[in-house]
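Only a predicted model underlies this, so the values are computations on that prediction, with no experimental measurement involved.
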Amino acid sequence: MADRGPWRVGVVGYGRLGQSLVSRLLAQGPELGLELVFVWNRDPGRMAGSVPPSLQLQNLAALGERRPDLVVEVAHPKIIHESGAQILRHANLLSLRVTMATHPDGFRLEGPLAAAHSPGPCTVLYEGPVRGLCPFAPRNSNTMAAAALAAPSLGFDGVIGVLVADTSLTDMHVVDVELSGPRGPTGRSFAVHTRRENPAEPGAVTGSATVTAFWQSLLACCQLPSRPGIHLC
């Protein structure tokens with residue numbers, strides 16, 4: 001990457017993931033061919049004392065002035081809805097999130113789901129098409145949304161999402177993926193079931209391994225042979 005100059009990286013969002021990425025970019029970026037050119041957060045005060053003032057972007061609409069090659073979005077999904085098209089006019093966009101089944105304190109729900117209560121130790125808060133879940137669980141439905149995009153024949157109406165509050169999952173997030181095909185001549189169908197367990201601090205929306213996954217995805221994206229185009233990892 002050095003022969004074409006460092007990748008200019010901007011970070012949108014300064015929560016746990018954003019803080020980790022910014023810290024690594026500042027410490028390891030130069031030796032990896034990465035240059036942090038801006039950090040933006042809805043609450044600029046959160047960056048005080050930890051992000052150099054020269055890197056703090058006060059107005060997201062002005063990101064083009066920083067000439068980023070890649071923008072990593074680790075903020076609320078509303079940011080992409082409002083500014084995604086604008087970001088893509090200036091840079092490639094890396095957007096990655098994970099959805100977990102976890103302790104009720106680990107959810108950040110909106111609308112009718114925000115008022116849902118868990119009457120027992122393990123409660124299904126939602127079961128139905130992913131389309132109906134995403135608006136009310138924007139921080140907890142991204143794995144389901146990714147599956148809907150990866151299976152266009154099913155899409156957001158055909159992929160079923162299930163959100164479970166389990167009081168026993170105090171230190172991890174769990175994702176189960178079940179895939180089944182049509183029944184064959186024997187009456188049985190092809191099926192795949194995967195389970196992922198991601199350690200997490202109590203009440204955390206972001207699992208511990210997710211921070212590392214974001215960093216590795218950023219590095220992999222910047223190692224692509226050419227910069228033009230949209231890179232979604």
Side-chain angles (χ1 to χ4, degrees), residues 12-24 41-43 46 72-81 95-151 154-180 189 191-217 233:
V12 175
Y14 199 61
R16 184 184 178 195
L17 282 173
Q19 292 168 20
S20 174
L21 290 175
V22 168
S23 176
R24 295 192 185 196
N41 194 59
R42 284 189 294 180
D43 177 10
R46 194 166 189 176
V72 182
E73 181 273 312
V74 283
H76 191 280
K78 289 181 180 179
I79 301 303
I80 289 300
H81 176 73
S95 180
L96 171 68
R97 283 197 174 87
V98 284
T99 295
M100 321 282 184
T102 187
H103 189 279
D105 292 342
F107 291 123
R108 299 295 184 270
L109 306 176
E110 301 178 9
L113 286 182
H117 298 285
S118 302
C122 186
T123 303
V124 176
L125 301 179
Y126 179 93
E127 183 172 2
V130 171
R131 188 182 299 278
L133 175 62
C134 290
F136 305 123
R139 294 179 176 87
N140 302 105
S141 62
N142 292 284
T143 297
M144 301 172 191
L149 292 171
L154 295 174
F156 283 81
D157 296 306
V159 174
I160 302 300
V162 181
L163 201 64
V164 179
D166 190 336
T167 57
S168 70
L169 299 177
T170 58
D171 57 358
M172 68 175 173
H173 299 159
V174 176
V175 173
D176 286 298
V177 179
E178 297 178 73
L179 174 66
S180 60
S189 61
V192 177
H193 182 193
T194 64
R195 176 182 174 92
R196 187 191 69 185
E197 298 182 355
N198 189 355
E201 297 177 4
V205 176
T206 303
S208 303
T210 306
V211 175
T212 301
F214 260 78
W215 177 245
Q216 294 299 327
S217 294
C233 303

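- Of the candidates Leu163, Ile160, Leu133, Ile160 is the only one forming a side-chain contact (heavy atoms from CB on, under 4.5 Å) with Glu127.
- Residues Leu125 and Val162 have side chains not in contact (no heavy-atom distance under 4.5 Å, counting atoms from C-beta outward).
- Here the side chains of Pro121 and Thr167 are in contact, with some heavy-atom distance below 4.5 Å.
- A distance of 8.0 Å separates CE of Met172 from CG of Asp166, quoted to the nearest 0.5 Å.
- At a threshold of 4.5 Å between non-hydrogen side-chain atoms, the residues Asn140 and Arg108 count as touching.
- When all heavy atoms of Ala200 and Gly207 are compared, the closest pair comes out as CB-CA, 3.9 Å.
- Taken to the nearest 0.5 Å, the CH2 atom of Trp215 stands 7.0 Å off from the CG atom of Leu21.
- Counting only N and O atoms by type, the side chains of Asn198 and Thr210 include a donor and acceptor under 3.5 Å apart.
- The 12-atom threshold is exceeded at CD of Glu110, counting heavy atoms of other residues, nucleotides or ligands nearer than 6.0 Å.
- Within the 4.5 Å cutoff, the side chain of Val72 has no heavy atoms near those of the Val12 side chain.
- Here the side chains of Val211 and Leu17 are in contact, with some heavy-atom distance below 4.5 Å.
- Between the CG atom in Leu169 and the SG atom in Cys122 there is a gap of 7.5 Å [rounded to 0.5 Å].
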Residues Leu109, Phe136; criterion side chain to side chain contact (heavy atoms under 4.5 Å, CB included); working and verdict: CA-CA 6 Å; Leu109 306 176; Phe136 305 123; over 6 Å; no

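- Listed here is the closest heavy atom pair of His173 and Val205: CE1-O, 3.2 Å.
- Taken to the nearest 0.5 Å, the OG1 atom of Thr102 stands 11.0 Å off from the CD atom of Glu197.
- Closest heavy-atom contact between Asn41 and Tyr14: OD1-N, 2.9 Å.
- Gln19 has its side chain within reach of Arg46: a pair of non-hydrogen atoms, C-beta onward, lies under 4.5 Å apart.
- Contact check for Phe156 versus Leu149: side-chain heavy atoms found under the 4.5 Å cut-off.
- Residues satisfying the salt bridge (charged side-chain N to carboxylate O under 4.0 Å, His left out) test with Asp157, not counting sequence neighbours, are Arg131.
- Between Arg16 and Ser208, some side-chain heavy-atom pair lies under the 4.5 Å cut-off.
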